[in-house]
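Written below as structure tokens is the structure these notes are about.
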Amino acid sequence: MASDKENPYLAHLPPSERGVSSGARNGSANPAAKEPLYGFMPRKVNGNQVRKALEHETNPFTKLPHTPQYRKILEARKKLPVYAQMDEFYKMFSNNQIIVMVGETGSGKTTQIPQFVAYSDLPHTRGKLVACTQPRRVAAMSVAKRVADEMDVQLGRQVGYSIRFEDMTEPGTTFLKYMTDGMLLREAMNDPDLQRYSTIILDEAHERTLATDILMGLLKALAKRRPDLKIIIMSATLDALKFQKYFGLTTDAAAPLFKVPGRTHPVEVFYTQEPEPDYVEAAIRTVLMIHRAEDPGDILLFLTGEEEIEDACRKIKLEADDLINQDPDSVGPLVCIPLYSSLPPQQQQRIFDAPPSARTPDGPPGRKVVISTNIAETSLTIDGIVYVVDPGFSKQKVYNPRIRVESLLVSPISKASAQQRAGRAGRTRPGKCFRLYTEKDFMTELEEQTHPEILRSNLANTVLELVKAGIKDLVRFDYVDAPAPETLMRALELLNYLAALDDDGNLTPLGAIMAEFPLDPQLAKMLIVSPEFRCSNEMLTITAMLSVPNVWLRPNNQRKEADAAKALLSVPDGDHLTLLNVYNSYNQNKYDKNWAWTNYLSARALAQADNVREQLKRTMERYEVELVSIQDPKKLYFAIRQALCCGFFMQVAHKEGEKGNYLTVKDNQVVGLHPSCGLDNQPEWVIFNEFVLTTRPYIRTVTEVRVEWLLEYATQYYDLSTFTDGETKRALQRAANKRAGKFDRVDGADGGAQKKRKK
DNA sequence: GAGCACTGC
């Protein structure tokens, strides 16, 4: 490398270092006095150099003098366990392309390691970035803010973050970027070499989110194509060896491990002697036992869902009140606080309230009990928790590729999860964890790790992203854990029916555009084809509404009122049309802040839909998907239902008999219309957005369609030779005959196309 | 006549 141009690494160095004579040009005999990074050789930086630069009076990235706040924070940083191992880190980082790092809670890895890397990579001198991914948006935002403060720069300039709907970076200036794993995966889709980055750090890899898992596969392959790219996988202890082996560049060499101790307090673990037949009852009993007998300190109880949590809250409150009445001198007041994700943020904030005070000045102190879903296991940290009650269950997503259904199932947690839960008791001082199962069950029955999400999900979306990223052979892709072949086959099959992939598995032009939308392939497809039906404005709305959580509120004590409000907004032809109507009404009443609430709708979800709609609209404009509408409302509703068929022709059910049962097409599952469904009759053919398995199998968000549309817009899928014999096939046959102009001699019926409404 | 574990684009 002869010139500065070829070696941008040297650009930041004083002229003398670049081979240009003169320290005198700096006006100083010692250039290091002015230039904090003087003498830094990229990726050959050591701890001494960095420590010196950190103490320097000038900020090397802004060239401004360091503020007093910087110095104060720096003193705190020096006490982090990871700071003591800076030399070791630089040695390992300089000598290896891929590192696996483990650091427990409180080690400082998430804030410090990316900064260490920045001092070594010097990405600002060559227009590169250091990226650090997080599974959650809030984490990406809050860590970026913290690190910007630590580096004495403004958030969004040298240090920024990038999450969906919010890009807090400045191109050309930002060189350290925190981002969600999903965001980096999106980037990899369009730039498989991730050229912008000099180092990529995957944080919280042990959580094994779908996006992180896919990124690990992509980065492993990319490391061979880009020897200049460095990769750090950060994880909890238990998984380290698995990642080391996976990222070993040869079969027998593992990636090196950089290990940093955590800083937490010990937690004493107790087990029950016998298995508990009813874990909710046992949990309530344990909470009350702690309240009566243990020292002050708040309690965290893990349960599986909203209903269970609200129920337990009521029961604990009743029993605690009884205790106080019986024994006011030795039992203090107790508050129960529920915590789950669908609670409005304001109510979630209650977990940070102080525990209730003693009722008399020298009476027994009060206690706070937080009853939470898994959200408190990773996403939210509550200070002051000293006792954890862990019944050992959580709701987990499972995917059945045979019937293409994702459902939630209450299942035993893993050992790793149990340890994570116990750790929640030791964040501020030594704590106790009460496991409501036997030690033997813990040792022998619980799985080591929770199954990674990739093994429990429908992969249609992921497969499309991978194909777009240039991965041709999905089955032989080097996954950390390979999904079931049937799951991949199902995904490929769906994408082929949707014409996103051709018969050889190649991406079609349509598929390439579909991949650009942050949507399930079915939704992307119907949105992209909707201009042909001249209803793309409406499909845009419906797609956005289907992409956000349920907009309907149904408070326990006002169910009737809520149902009545919903009936007023319902469109009898289908729930998809109702969603359109809800959004339009919301939009027309935006001046009225109470509109959502008075109509029993979630203002939060509607605002989210608005946000998603805008994002999708921008993508449509970018790919020239026209935004059009038909004026005549009757024709418009027809067009919408036809466009729906283009995406959801595989999610169709046919009415069987008069009992309200439906049979899903091809899979032949017996399902019912979900009670929330707003159809005013039972049409012969319906498409549905969702199959849910609760008290029985239901289809939810349902709209009536005509059989001839299915034959017309999904000819390949409705090839009758692929159907098993039965009423559905006979009905399809009648419709097909009619289309072909033949007389149906079996029973003379017309396939139900002219069916009358009951009302 | 039911419910929404949790994330993410």
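Glu306(A) comes within contact range of at least one nucleobase, with a heavy-atom separation under 4.0 Å. Across all strands, Leu409(A) comes closer than 4.0 Å to no nucleic acid atom at all (heavy-atom distances). Thr378(A) comes within 4.0 angstrom of no nucleic acid atom, judged by non-hydrogen atoms across all strands. Contacts of Tyr340(A) with the nucleic acid, taken as non-hydrogen atoms under 4.0 Å apart, involve only primed sugar atoms and P, OP1 or OP2. Using a 4.0 Å heavy-atom criterion, one finds that Thr373(A) contacts the sugar-phosphate atoms exclusively.
Using a 4.0 Å cut-off between charged side-chain N and carboxylate O, Glu281(A) and Lys315(A) make no salt bridge. Taking 4.0 Å as the cut-off between side-chain N and carboxylate O, Glu658(A) and Lys655(A) count as a salt-bridged pair. Arg456(A) and Glu406(A) are not joined by a salt bridge, as no carboxylate oxygen comes within less than 4.0 angstrom of a charged side-chain nitrogen.
In the interface, the side chain of Arg554(A) is paired with the base of dA2(B) through a donor and an acceptor atom under 3.5 Å apart.
With rounding to whole Å, Leu519(A) atom CG is found 13 Å from dG8(B) atom C1'. Put simply, CZ on Arg186(A) is 15 Å from P on dG8(B), counting in whole angstrom units. The CG atom of Leu339(A) sits 14 Å away from the C1' atom of dC4(B) (whole-angstrom rounding). One atom, CD1 of Ile413(A), and another, P of dA5(B), lie 17 Å apart when rounded to the nearest Å. As rounded to whole Å, 11 Å separates atom P of dC9(B) from atom CD of Gln608(A). Rounding to whole angstrom units, CD of residue Gln682(A) and P of dG1(B) are separated by 11 Å. In this structure, Leu459(A) places its CG atom 15 Å from C1' of dC9(B), rounding to the nearest Å. We find that CD of Glu406(A) is positioned 15 Å from P of dA5(B), with the value rounded to whole Å.
Looking at the side chain of Pro518(A), the nearest of the listed nucleotides dC9(B), dC4(B), dC6(B) is dC9(B). Of the listed nucleotides (dA5(B), dG8(B), dC6(B)), dG8(B) has the atom at the smallest distance from the side chain of Arg136(A). Closest contact between the side chain of Leu408(A) and the listed nucleotides dG1(B), dT7(B), dA5(B) involves dA5(B).
Within residues 559-569 of chain A, the residues having any heavy atom closer than 4.0 Å to DNA chain B are, in order of number, Arg559(A), Asp563(A).
In terms of position on DNA chain B, the residue among Phe517(A) and Ser341(A) whose nearest nucleotide sits closer to the 5' end is Ser341(A). Both Asn461(A) and Asn374(A) lie close to DNA chain B; mapped to their nearest nucleotides by heavy-atom distance, the more 5′-ward contact belongs to Asn374(A).
Considering only side-chain N and O atoms, Arg618(A) lies nowhere under 4.0 angstrom from the phosphate OP1 or OP2 of dC9(B). Dashed line: the shortest gap from a side-chain N or O of Arg208(A) to OP1 or OP2 of dT7(B) is not under 4.0 Å. Look at Thr695(A) and you won't find any side-chain N or O under 4.0 angstrom from OP1 or OP2 of dG1(B).
Dense packing is recorded around NZ of Lys397(A), with more than 12 heavy atoms of other residues, nucleotides or ligands lying under 6.0 Å away.
In this model, a donor atom of one side chain and an acceptor atom of the other lie less than 3.5 Å apart for Thr541(A) and Arg613(A). A donor and an acceptor atom, one from each side chain of Glu170(A) and Thr174(A), are nowhere located under 3.5 Å apart.
Between the side chain of Thr487(A) and the backbone N or O of Pro483(A) there is no donor-acceptor pair closer than 3.5 Å.
For Glu207(A), the side chain to side chain donor-acceptor pair (under 3.5 Å) partners two or more places apart in sequence, or in a different chain, are Arg136(A).
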